[in-house]
Amino acid sequence: MSKKTAIITGITGQDGGYLAKLLLEKKYRVIGCHRRGATEIFSNLQNQGIAEDIELVEFDLLEDSNIARVIKKFRPDEFYNLAAQSFVGTSFEQPLYTANADGIGVTRILESIREYSPDTRFYQASTSEMYGMVQEIPQKETTPFYPRSPYAAAKLYAHWITVNYRESYNLHASSGILFNHESPFRGREFVTRKTTSHLARMAAGKTEKPLRLGNLNAKRDWGFAGDYVEAMWLMLQQPQGDTYVVATGETRTVREFVEHSAVHAGYAIEWRGKDENEVGIDTKTGKTIVEVSADFYRPAEVDLLIGSPAKAEEKLGWKRKIGFSELCEIMMKSDLERAHNGLL
Ligand code: G4F
């Protein structure tokens, strides 16, 4: 049997690296799409040891003809759309760009698939942010959406256009509603990696400054990215496209993430004060480790996310392997090693 070809957009991101690794292990030909920038950042692929095994092509979600050419050229068996302006905070500052890339960009891809490669199986990276002000606990595939950011609104459009192309043109198009998923390759703008990278720098004596965070009480359902890419692949192996929630079924506060990670850097945190005046003190040294700053509050917040992975477990046979405590430990230890080796 000839090798399957998969296109992955967003190849330089956390999920792009994990998914590419999984597909290469399964003997796929992997085409990695990236957006050209002044500096090329392929460090995730290099760190995963797969940079040489991926064919890289330039790709932009805003360019119709570029997308069409890529799809016409490769006519892939599978297309995973992981590219996006993926930081919720930025979407409040760049709502139009976010809508264009994360929303309309998906229609551009689907149009090209419909026109030039209708047998391609399509995966859309949808998000638990679409639940926003949650209407049901836990959130599942049938839970109504209530987006709370330009990012979530754009992703909601992308989700529905994926469903619409599945139903209208009979495309094998799946939407994976993934809850937060993290790893040592997560970008440092997200709260988990921001926390572990900063605490590691502190523990290694590289900074004296406290970690400045926003809302410590927001609750997220955090899983491990390496587990979640497996679910993406499984969706495209089903007889038909569908929508699936991928989550752990467990919710934790930002505060808990900080506490659990800090332990592995040798800190024991005690919280003092309230709201913007709250600080986290290391009980061993009395040093202020964490400070709350309104700079990191969002105009509208998603207070609680907790997903039900029941459908993914039953229909895809998917099961997460790594839980919350282990995730904190893996991320903290990886950043401590980087900090001690001068890589942070
Ligand atoms: O880590 P976050 O920035 O992730 P967020 O906003 O939940 O979005 C991530 O997960 C989504 C899946 O649900 C993806 F769709 C999305 O692309 C992205 O991957 O923030 C998590 C929580 C928020 O409630 C935020 O307000 O942490 C809170 N937080 C508190 N202090 C902070 C900070 N977030 C960041 N980034 N930085 C802070 O200092």
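Predicted model only: the values in this text are computed from it and were never measured. Every number for a ligand or one of its atoms is a count from 1 in the order of the listing. The residues of the chain are indexed from 1 along the displayed sequence.
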- Task: Check Phe190 against ligand 1 and report side chain, backbone, both or neither, counting heavy atoms closer than 4.0 Å.
- Result: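 For Phe190, the contact with ligand 1 is made by both the backbone and the side chain.
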
Going by distance alone, is a donor N or O of one side chain under 3.5 Å from an acceptor N or O of the other, for [X] and [Y]?
{"X": "Asn81", "Y": "Thr9", "result": "yes"}
{"X": "Gln124", "Y": "Thr162", "result": "no"}
{"X": "Glu141", "Y": "Thr243", "result": "no"}
{"X": "Glu256", "Y": "Thr253", "result": "yes"}
{"X": "Arg114", "Y": "Ser168", "result": "no"}

- Message: Ignoring hydrogens, what is the shortest heavy-atom contact between Leu211 and Lys194? Give both atom names and the distance.
- Response: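 Scanning both residues, the minimum pair turns out to be CD1-O, 3.9 Å.
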
Sub-4.0 Å atoms of ligand 1 with respect to non-hydrogen atoms of [X]:
{"X": "Thr127", "value": "11 (C), 12 (C), 13 (O), 14 (C), 15 (F)"}
{"X": "Phe87", "value": "3 (O), 36 (N)"}
{"X": "Phe296", "value": "39 (O)"}
{"X": "Tyr151", "value": "14 (C), 15 (F), 16 (C), 17 (O)"}
{"X": "Ala218", "value": "24 (O)"}
{"X": "Val88", "value": "6 (O), 8 (O)"}
{"X": "Glu301", "value": "23 (C), 24 (O), 25 (C), 26 (O)"}

Starting from [atom], locate the nearest protein heavy atom and write down its residue, its atom name and how far away it is, to 0.1 Å.
{"atom": "atom 23 (C) of ligand 1", "value": "Arg220 NH2, 3.3 Å"}
{"atom": "atom 6 (O) of ligand 1", "value": "Arg298 NH1, 2.6 Å"}
{"atom": "atom 27 (O) of ligand 1", "value": "Val254 CG2, 3.4 Å"}
{"atom": "atom 38 (C) of ligand 1", "value": "Lys194 NZ, 3.7 Å"}
{"atom": "atom 36 (N) of ligand 1", "value": "Glu189 O, 2.9 Å"}
{"atom": "atom 19 (O) of ligand 1", "value": "Arg186 NH2, 2.8 Å"}
{"atom": "atom 29 (N) of ligand 1", "value": "Val191 CG2, 3.8 Å"}
{"atom": "atom 13 (O) of ligand 1", "value": "Ser128 OG, 2.4 Å"}

- For Ala312, which residues count as a side-chain contact (heavy atoms from CB on, under 4.5 Å) partner, sequence neighbours excluded?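 Listed in chain order: Leu316, Trp318.
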
- Item | Over 12 non-hydrogen atoms of neighbours within 6.0 angstrom of NZ in Lys206 |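 More than 12 heavy atoms, drawn from other residues, nucleotides or ligands, come within 6.0 Å of this atom.
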
Under 3.5 Å between any N/O of [X] and any N/O of ligand 1: does that happen in this structure?
{"X": "Gly214", "answer": "yes"}
{"X": "Trp222", "answer": "no"}
{"X": "Asn180", "answer": "yes"}

- Message: Please determine whether any non-hydrogen atom of Tyr297 lies less than 4.0 Å from an atom of ligand 1.
- Response: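 False for this residue.
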
- Query: At the 4.0 Å heavy-atom cut-off, does Arg188 count as touching ligand 1?
  - Reply: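 No, Arg188 has no heavy atoms under 4.0 Å from ligand 1.
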
- Message: side-chain hydrogen bond (donor to acceptor under 3.5 Å, both in side chains) for Tyr165 and Glu111? Distances and angles first, verdict last.
- Response: CA-CA 9 Å; Tyr165 271 57; Glu111 270 295 283; 2.6 Å; yes

Which pairs of donor and acceptor atoms, one on a side chain in residues 82-91, lie under 3.5 Å apart (sequence neighbours left out)?
residue, atom, partner, partner atom, Å
Gln85, OE1, Phe87, N, 3.0
Gln85, NE2, Phe87, O, 3.2
Gln85, NE2, Thr98, OG1, 3.2
Ser91, OG, Val88, O, 2.7
Ser91, OG, Tyr151, N, 3.1

- Task: Have a look at Val292, Val302, Asn215, Asp295 and point out the one with the heavy atom closest to atom 30 (C) of ligand 1.
- Result: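 Of the listed residues, Asn215 has the closest heavy atom.
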
- Message: Under 4.0 Å between a side-chain nitrogen and a carboxylate oxygen: does that hold for Lys155 and Asp102?
- Response: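 Answer for the salt bridge query: no.
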
- Within the distance-only criterion (no hydrogens, no angle test), does the side chain of Arg212 pair as donor or acceptor with the backbone N or O of Ser293 below 3.5 angstrom?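 It does not hold such a pair.
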
- Query: Within a strict 4.5 Å, meaning less than it, do heavy atoms of the Phe257 and Thr196 side chains meet?
  - Reply: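 When only atoms from C-beta onward are counted, Thr196 and Phe257 do touch, with a gap below 4.5 Å.
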
